Amino acid sequence: MWNKVMQLKSLQLFMDVVDTGSFVAAAERRHTVQSNVTAHVKKLEDELCTQLIHRKGGTRLTTAGNTLVDYARRMLREHDDVLRLFQGNGNAPSLLRIGAMETTTAVRLIRRQLTCPVSVN
C-alpha cells in the first residue's frame, strides 16, 4: 500500500506547466516563484516514481506525463465541483441541516465552533 500523499496543489502546478508550456509561465500564473513550481512537480515525480516532464531542450511531457494529464484534469475538475457544491454554487442547497438528539447536539455540535450555518430543529 502506498503511504505517499499526492497534493492537489502539485497536480495544479503540473497542469499549469502543461497548459503554459514552461515552469516560469506556470509560476507567473500562480503568483509564485519558479523554484516552487519545480519543487512541486519534482515531488509529484518522486511520489509516482517516474519522470513526468523532459526539462532539456524545452518543456515536453514524457509518456507518463501525458498519461497523468487526463487523470489530473479529472481530479482537479472533481475537486472544483465538490467545492462549488458545498459553497452553494452547484445544484445542492448551501444550507446543511443536521438532525440530532438534544444531548448529542449540546455535547458534540454546539461546543465546536462551526464555520457553516447550522439549523438545529
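All residue numbers refer to positions in the sequence shown, counting from 1. Here the structure is a predicted model, which means the values were calculated and not measured.
Taken to the nearest 0.5 Å, the OG1 atom of Thr32 stands 7.5 Å off from the NE2 atom of His40. Rounded to the nearest 0.5 Å, atoms CG (Leu13) and CD (Gln7) are 10.0 Å apart. Between the CZ atom of Arg55 and the OG1 atom of Thr38 there is a distance of 7.0 Å, given to the nearest 0.5 Å. Rounded to the nearest 0.5 Å, atoms CD (Gln12) and CZ (Arg29) are 7.5 Å apart. Rounding to the nearest 0.5 Å places CG of Leu68 at 9.0 Å from CG of Leu61. Taken to the nearest 0.5 Å, the CD atom of Glu45 stands 8.5 Å off from the CZ atom of Phe14.
In terms of hydrophobic clustering, with Ile, Leu, Val, Met, Phe, Trp and Tyr side chains grouped at heavy-atom distances under 4.5 Å, Val33 and Val37 are assigned to different clusters. Linking ILVMFWY residues whenever their side-chain heavy atoms come closer than 4.5 Å, directly or via other members, places Met15 and Leu11 in the same cluster. Val41 and Val24 fall into different hydrophobic clusters, where Ile, Leu, Val, Met, Phe, Trp and Tyr are joined by side-chain heavy atoms under 4.5 Å apart, directly or via other members. Under a hydrophobic-cluster definition in which Ile, Leu, Val, Met, Phe, Trp and Tyr are linked whenever side-chain heavy atoms come within less than 4.5 Å, directly or via other members, Met75 and Ile53 are assigned to the same cluster. In the hydrophobic clustering of this structure, Val18 groups with Leu48; members are Ile, Leu, Val, Met, Phe, Trp, Tyr whose side-chain heavy atoms approach within less than 4.5 Å, directly or through other members.
No side-chain donor-acceptor contact under 3.5 Å links Gln34 to the backbone of Phe23. Judged by distance alone, the side chain of Thr62 and the main-chain N or O of Gln51 form a donor-acceptor pair under 3.5 Å.
Contact check on Arg77 versus Asp81 returns no salt bridge, with no Lys/Arg side-chain nitrogen under 4.0 Å from an Asp/Glu carboxylate oxygen. Between Glu78 and Arg74 there is no salt bridge, since none of the side-chain N atoms of the basic residue sits less than 4.0 Å from a carboxylate O of the acidic one.
When all heavy atoms of Thr59 and Gly21 are compared, the pair lying nearest together is CB-O, 3.4 Å.
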